Every structure is written in C-alpha cells, then in structure tokens.
S.K.: 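Pasting in a structure now, in structure tokens, and then I'll have a few things to ask.
Since this is a predicted model, take the numbers as computed values, not measurements.
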Amino acid sequence: MLLLVATAMIGPALGGLVRPVFVLGCVMAGWFAWRKSAAAHVQSAIALFAFAPFVRRLVDVTVGFDQSSIMLIGPLLFILVPVPDLWGLLSSGRSRNPWLVPPAIVLGCVAYGAALSMFQDDWFNAANGVLKWAAPVLYAVALQQRSDSSGELVNAAARAFLVILPLTGLYGIWQYVDPQPWDQYWMNYASITSAGLPKPYLVRVFSTMNGPASYATFTATGLLLVGFLRPGWQSLAAMVPAALGLLLSLYRTAWIALALGLLFCMMFQSTRKRALTTGLGIAGAAVAAVMFTPFGEVIIDRLQSLGSGADDGSGGERLEEFVTLWNMPGSMVTGSGFSVTDVGVAGAMPVDGQIIACWLTMGIPVGLLCLAAYMWAGFWATSAAWRNPTREGVILGALAFGAILIQMPLTSIASGEVSALFWMLVAMACPRDQTVEHVPELAIPLQQA
C-alpha cells in the first residue's frame, strides 16, 4: 500500500521514469511480503492487482498514455517472487503431489503457444503471453506448498477484500456518476470497447481496475469471501457499496457466478444460514439501487437481458466467434500463438471465453489439453467442499465451481489478474496436506548392502 500511495502522489512528478521504478518496487515488495508470510503475500497481491491500474491511469494522464502498459507488469512480477523457492520444495523426491499435474500441463501448453509466436518472430507477444499466462500458475504452485487445511490463506484474502471492496465500490459509483479526467483519458486511448463512454451515466464501471470484467470478477469473489468469512456487521458495511458497484459494471457473467456460488453454499449445513443472509443482503442492495437511485433503469434493462435468449447481442457475438474460427483455413488446428488483438479496429475479432482463447492461441489439440487441465484443477478445487466441509472449504469449492461452469465459457480465466485470482483460490482449496502422498524411503539393511 505504501508503494501504491507513493507512486500515486509523487509518480507523475518523476515523469516516465516512474514506470520502471514502480515495477522494481513491486519486485521488492513481493520479496518483503513473501519473507513475512504467505498470508501477507496473498493480501498484498490482491491489493496490488486491485489498485495498480488506477495508479497507472494517474501517471498516464500526466506523463502520457503508455500503450505497452509497463506498470501492469509489476503485479505479475510480484507474484513471481516466490518461484525460486520452488526448486528446493519440489526436488526433495520424498513425496508425490498429484495436484501438480494440471499446472504442469498448463505450463507445457503455454510453452507451445509461446513457441508459435517466436516462430513468427513475434517475440514481444511471446514474452507478454508467457508472463500473463504462466505467472499465476507458478504462483499457485508456490502457494500450494505453503497452504494447509487451517484456512489461514483464505481468511487472509477475506480480510484484504474487507478493506478493498468498499473502496473500489464507492469509487465505482463516483466513476459512474462523474468519471474523472484520468479515467476519461484512459477510456479514450485504451483499446477497450466494453467500458462504455467517458461520460456521466454512460460508463460501465471498472472502478480502480483494468476493465469491467476484472472489476466485477474481483468484486463477486470478494462478496462471497467477506459474506461468509467475516462478522455480519463488517460484511454488511463492505457489501453494500460493492454490490452497487458490481451492478453498475453491467457484467452479467459475474452476476451469474455470484448467484451460483450462493446456491452452491446452500447445499451445505456449515454455510446454508450464511448463504441465505448474504443473498438477502445482496438482493436488498440491488432492490435499493433500482428503487432509490437515478440509475435503476439501466440495471433493470441489464437484468432483463438475462432472459432475452436469442435476442442477446452479446451471446450472439460469442457464438459468432466459434463460427469464425471454424471457417478459418485449417480451422486453426495448430493455433496462432500469443497475440494482442485491438478490438477497436474494424474487423478485429474479440476473444471472449477460455475456450476461444485456448483455441485461437494453441489450436484444437493443444487447446483442448489446456482446457482439460483447467477443468481438472477447477473440479479438484470444487471437491474441497466435501473434503473439508467447513466454511472455508465450502466457499472455496463454490468459487471454483462458478469459475469452471460460468466464467470459463464466457470470459478468459487464464491471463492476467483474473487468472491470478483463480489459481490463488485453487491453491488454497487444494492444500498440500490434503494432496501430498508421502513415499517411504527404500531402506536397505546393512548386511544386504
């Protein structure tokens, strides 16, 4: 938090130099937090992903727009800091950890996608894709080595969201009513068309994050964690502005995932009562937003679109993406590697959903293998609700279930901050003491030797 505040306050005065300084500061902060504890590192990572894009916009509006988004590399390098510790943890040879198989498969698929980009001499996108796709997976492996069944890490995440949710929620409401110059500047120059227009009451709220999808996904996850793992009065204070900000993001995927998570938790005795109260609280905030705010009509229209079926333009566009890929020469069997598509350019095809992202990047065979690994990891995390039927285990299972069933078909959970959140929760749901099988050493009597 000190790094974020210092960059926001004095960063613009340093000019373009502040960008590499911020990235270096993220690496140093990651080293310090990991040395302190895994819980401190998780809390810091969540805060950094939530607020780094906001700090970037404050710098950009003063220094100039940075097309490469170099400051957003900082949080990814932050979560890579624990990777050097993995060698000693994984090379002992005294235990087998089957949970490592899905991450290993994903990393192999990422290497294939990077090789495709390098064969096309696209070294920048190869490096960018590896960083965005592989860093969250490696971080999950490091966290899984430190995680146990006590629920320490997921409770640490809930405490972080208890602070973050009201801040991002209130800022999101302000952004919708009166978008600030740094947000307007970013919306005018960034290659994003899903954030609406930089005018009052026409913004799809992205708050302090890098887009409506990222903000809504983090907020829906935080609402479930805070609603189930924090005391009632604390969770209520955090949930009201966050729920309103989530509605103003107009991101239906996160709405459905949140509702599915609540229904999942109602299946278990340890979370059934809290699921009812949390659901009523969120529903009450939605009703109040519709009845007593000037943007109730927008929310009603978006809610009604959930049942529009064939008339849903967004759903039609997603189906059209599959048709476009299938009609390409060779049906994209080998993949095109990592690339950055500017959806603001006429004729450019958007990439919505994990299925499309894997198909376009890695082709059909390798892409299906990558999808299978994600589903393997997701359903393994979902089983935490039965392996450890405490509040912590059930809520982690609910989040994983929503990610696989709803988010993966409709948005990409393999890249950037959304991927970091997904793999972070998967690692917590599959702690090492539940997945490691100890292999007894082969003892040879001295006489036989």
S.K.: Give a yes-or-no answer on whether the side chains of Asp122 and Asn125 include a donor-acceptor pair shorter than 3.5 Å.
M.R.: yes
S.K.: Any side-chain heavy atom of Phe422 within less than 4.5 Å of one from Ile404?
M.R.: yes
S.K.: Mark yes or no for whether Gln144, through its side chain, and Cys430, through its backbone, hold a donor-acceptor pair below 3.5 Å.
M.R.: yes
S.K.: Can you confirm whether Leu399 sits close enough to Leu225 that some side-chain heavy atom of one is under 4.5 Å from a side-chain heavy atom of the other?
M.R.: yes
S.K.: What closest approach, in Å, do Met209 and Ser214 show between heavy atoms, and which atom pair accounts for it?
M.R.: SD-O, 3.8 Å
S.K.: Quick one: does Cys370's side chain get under 4.5 Å of Ile105's, heavy atoms only?
M.R.: no
S.K.: If I compare all heavy atoms of Ser207 with all of Gln175, which pair ends up nearest, and what's the gap?
M.R.: N-OE1, 2.9 Å
S.K.: Could you work out, with salt bridge (charged side-chain N to carboxylate O under 4.0 Å, His left out) as the rule, every residue matching Arg204, not counting sequence neighbours?
M.R.: none
S.K.: Judged by atom type as modelled, is there a donor-acceptor pair below 3.5 Å linking the side chain of Asn128 to the main-chain atoms of Phe124?
M.R.: no
S.K.: Run the numbers on Leu72 and Glu417 for side chain to side chain contact (heavy atoms under 4.5 Å, CB included), then give the verdict.
M.R.: CA-CA 10 Å; Leu72 300 186; Glu417 60 274 12; over 6 Å; no
S.K.: Determine, step by step, whether Gln184 and Val61 satisfy the side chain to side chain contact (heavy atoms under 4.5 Å, CB included) criterion, reporting the C-alpha distance in whole Å, the side-chain angles of both residues, the deciding distance to 0.1 Å, and the verdict.
M.R.: CA-CA 9 Å; Gln184 295 182 30; Val61 75; over 6 Å; no
S.K.: How about Trp186 and Phe206: are their ring centres within less than 6.0 Å of each other?
M.R.: yes
S.K.: Measure across Leu229 and Arg391 and return the closest heavy-atom pair with its distance rounded to 0.1 Å.
M.R.: CD2-CB, 4.0 Å
S.K.: In Å and rounded to the nearest 0.5 Å, what is the CG to CE distance from Leu224 to Met239?
M.R.: 8.5 Å
S.K.: Below 4.0 angstrom, N of the basic side chain to O of the carboxylate: do Asp66 and Arg57 qualify?
M.R.: no
S.K.: Roughly how far, to the nearest 0.5 Å, is the CE atom of Met424 from the OG atom of Ser419?
M.R.: 10.0 Å
S.K.: Might you work through the side chain to side chain contact (heavy atoms under 4.5 Å, CB included) test for Asn210 and Tyr215, ending with a clear yes or no?
M.R.: CA-CA 7 Å; Asn210 209 40; Tyr215 167 65; over 6 Å; no
S.K.: Tell me if a side-chain donor or acceptor on Gln407 pairs with a main-chain N or O of Ile413 at a distance below 3.5 Å.
M.R.: no
S.K.: Write out all pairs satisfying side-chain hydrogen bond (donor to acceptor under 3.5 Å, both in side chains) with one or both partners inside residues 284-301, taking only residues at least two apart or from two chains.
M.R.: none
S.K.: To the nearest 0.5 Å, how far apart are OG1 in Thr361 and CD in Gln354?
M.R.: 9.0 Å
S.K.: Can a donor-acceptor pair be found between the side chains of Glu392 and Asn155 at a distance below 3.5 Å?
M.R.: yes
S.K.: Any heavy-atom pair between the side chains of Ile364 and Leu368 that's under 4.5 Å?
M.R.: yes
S.K.: Do Arg19 and Asp60 pass the salt bridge (charged side-chain N to carboxylate O under 4.0 Å, His left out) test, and can you show the C-alpha distance, the side-chain angles, and the key distance before you say yes or no?
M.R.: CA-CA 10 Å; Arg19 291 169 176 144; Asp60 278 6; 2.8 Å; yes
S.K.: Has the side chain of Ser412 got a donor or acceptor atom that lies under 3.5 Å from a matching backbone atom of Ala357?
M.R.: no
S.K.: Give me the atom names and distance for the closest heavy-atom approach of Ser235 to Gly227.
M.R.: CB-CA, 4.1 Å
S.K.: Can you name the ring pair (Phe, Tyr, Trp, His ring centres under 6.0 Å) partners of Phe401, sequence neighbours left out?
M.R.: Phe264
S.K.: Tell me which pairs pass side-chain hydrogen bond (donor to acceptor under 3.5 Å, both in side chains) where either residue lies in residues 133-143, with sequence neighbours left out.
M.R.: His41-Tyr139
S.K.: Counting distance only, does the side-chain N/O of Tyr251 pair as donor-acceptor with the main-chain N or O of Pro212 below 3.5 Å?
M.R.: no
S.K.: For Tyr189, what residues pass the ring pair (Phe, Tyr, Trp, His ring centres under 6.0 Å) criterion, not counting sequence neighbours?
M.R.: Phe65, Tyr185
S.K.: Do you know which two heavy atoms are closest between Leu153 and Ser147, and how far apart they sit?
M.R.: CD1-CB, 3.8 Å
S.K.: Does Ala40 offer a backbone N or O that forms a donor-acceptor pair with the side chain of Ser37 under 3.5 Å?
M.R.: yes
S.K.: Classify the ring geometry between Phe295 and Tyr201 as parallel (under 30°), tilted (30 to 60°) or perpendicular (over 60°).
M.R.: tilted
S.K.: Roughly how far, to the nearest 0.5 Å, is the OG1 atom of Thr278 from the NZ atom of Lys273?
M.R.: 11.5 Å
S.K.: Would you find a donor on one side and an acceptor on the other, under 3.5 Å apart, between the side chain of Thr168 and the backbone of Leu165?
M.R.: yes
S.K.: Taking the side chain as C-beta and beyond, is there a heavy-atom pair between Val27 and Phe78 under 4.5 Å?
M.R.: no
S.K.: Does NZ or CZ of Arg146 come closer than 6.0 Å to the centre of the six-membered ring of Trp34, within 45° of the ring's axis?
M.R.: yes
S.K.: Would you find a donor on one side and an acceptor on the other, under 3.5 Å apart, between the side chain of Ser117 and the backbone of Phe338?
M.R.: yes
S.K.: Is the backbone of Ala50 close enough, under 3.5 Å, to the side chain of Thr208 for a donor and an acceptor to pair up by distance?
M.R.: yes
S.K.: Does Tyr171 have its ring centroid less than 6.0 Å away from the ring centroid of Phe54?
M.R.: yes
S.K.: Walk me through it: do Val59 and Trp182 pass the test side chain to side chain contact (heavy atoms under 4.5 Å, CB included)?
M.R.: CA-CA 9 Å; Val59 172; Trp182 45 85; over 6 Å; no
S.K.: Please find the pair of heavy atoms, one from Ser249 and one from Trp255, that lie closest to each other, and give the distance.
M.R.: OG-NE1, 4.3 Å
S.K.: What distance separates Leu80 CG from Ile73 CD1, expressed to the nearest 0.5 Å?
M.R.: 11.0 Å
S.K.: CG of Leu396 to OG1 of Thr382: how many Å apart, nearest 0.5 Å?
M.R.: 10.0 Å
S.K.: Does Phe161 have any ring pair (Phe, Tyr, Trp, His ring centres under 6.0 Å) partners at least two apart in sequence or in another chain, and if so, which?
M.R.: none
S.K.: Counting distance only, does the side-chain N/O of Arg302 pair as donor-acceptor with the main-chain N or O of Leu248 below 3.5 Å?
M.R.: no
